[in-house]
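Below, chain A is the first sequence line, B the second, and so on; all start at residue 1.
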Amino acid sequence: MTDIIIHCALTLLFPPLLLGIIGKTKAAFAGRVGAPFLQPYYDLIKLVRKGSVFSETTTWVFRAGPVVTLSATLVAALLIPLGRHAAPVSFNGDLILFAYLFGLARFFTTIAALDTGSSFEGMGAAREVTFSCLAEPTLFIALITLARTSGSLSLSTILTHTTPAGWLATGASMLLLIGALFIILLAENCRIPFDDPTTHLELTMIHEVMVLDHSGPAFGMILYGAALKLFVLGALFANVAIPLATGNALVDWVIFVVTMAALAVAIGVVESVMARLRLVRIPQLLVGSTILAAFSMLLVLR
Amino acid sequence: MNAIADQLLVLVMLINLVMLGSSRLIFCIRAVAIQGVILGILPGLIHPFSGHLAAITAGIILAKGVVIPTLIIGAVKKAHIRREVEPYLGFVPTLLLGALFTALSFVFADKLPLAPEHRDLLFVPASIATLLTGFLLLTTRSKAISQVIGYLVLENGIFIFGMLLTEALPTMVEAGALLDLLVGIFVMGIVINHISREFSSIDTSRLRALKEE
């Protein structure tokens, strides 16, 4: 029971802090002081207090977009085990629901962008959909590989199954899998090298361009949803990459929080040392990640 | 020891894919050099230590990891080309084909009537995958130097396969190393031949003279 409460509390409160840590890391690399760690929370509070402006050309789809996106991501957060604790909701085959909840969220983001009729937003939607359909096979192949090694179809078992000993036994294939998952983590969350979350030039934007017309609480929901998505996919990555378990529930929670913070720092470092890729190179990298995952599956199936 | 050998073979197969996806020649040559060094370490892992073996390992690492790459890099610098610009087939399609070939080589290796002690090792699939990667590089790239790299990869594949036989025939290792040297010299012959045939007209000093006139 306490585990479920901690799970929900972490899911609701922790995600914006990840963005704060990433921002602080990037600032440290650039030699700046940077915004405080809690800045994303202040931004969210500011946005919630504001009023919304809706264009007359938009329909209900535009208003439904942020709500559906956020709720789909929240449901996905319930399916994923955090730390070494089972998820509040889990059943056989929930990994497919998990992957397609993100699909649903993306569908509504893009359709809300198309609803505005803006040509820039249509372009962003086209890019987002193209890249995500290249990223999806990787996520699935990675999940299949993990399902195969753990012999289960439920995310809770799959992700809590990996142990340091099992890690060493499967060595190479796990490393390949982690490489592929990290690329997907960056691509799905629109981080550098795929997309620059701080860019403000419509022609080069992917994700940010789709949400230009949203304002006030709706935009707050989008920001919060993006942070939550980073948190959920980051938790998936952390479960596979750092399978530490002490057996003590509280210590495991602490380890999980530290791991997530370290992951945010790692993302910040990647963003600081890398430049954004040219658009034509992005599919190449995504195909590369699919091949990594497929190769790892091949080694496991053998 | 076999577990470490398997991880190294996975690395060899990854290097194959890296080479298929990259357009930078110098990068490809370095990758082939690393592959050669890994191949040099492998016999030491699967066979008991002896002075003979140490000499062979050193020889292979020196030939595949240092001498041949240095020679080819020299040729690349002389010819003033840095990238493979117009492959007959694009980089993403060749990468996908390479992944497909790797998968198929695993299937094929399962069907082969191998000795029971070789069944669980990665040697056979890795060697077939490397062979096929070499073929792919040879057939899809247009620059002479890329083709030489393909040839080296092909030879690496043959070398991996040869390592399985060394238990029965210890002299095979030696012969393999000798063959490598031979191939190295042979390859360089082809390189120089190709370069002189393809690039004699692309003499940079003469191009500069044309521009000034």
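Comparing Leu17(B), Leu14(B), Leu11(B), Val107(B) by how many heavy-atom pairs each has under 4.5 Å with chain A, the most go to Leu14(B).
Val269(A) places none of its side-chain heavy atoms less than 4.5 Å from the side chain of Lys26(A). Taking the side chain as every heavy atom from C-beta outward, Asp195(A) and Phe131(A) never approach each other to under 4.5 Å.
In this structure, chain B has no heavy atom under 4.5 Å from any part of Leu175(A). Contacts of Val92(B) with chain A are made by side-chain atoms alone, with heavy-atom separations under 4.5 Å and no backbone atom involved. In this structure, chain B has no heavy atom under 4.5 Å from any part of Leu301(A).
Only one option out of Leu236(A), Asn239(A), Leu177(A) pairs with Leu146(A) in a side chain to side chain contact (heavy atoms under 4.5 Å, CB included); it is Leu177(A).
Here CG of Asn92(A) is found 6.5 Å from OG of Ser154(A). Values are rounded to the nearest 0.5 Å.
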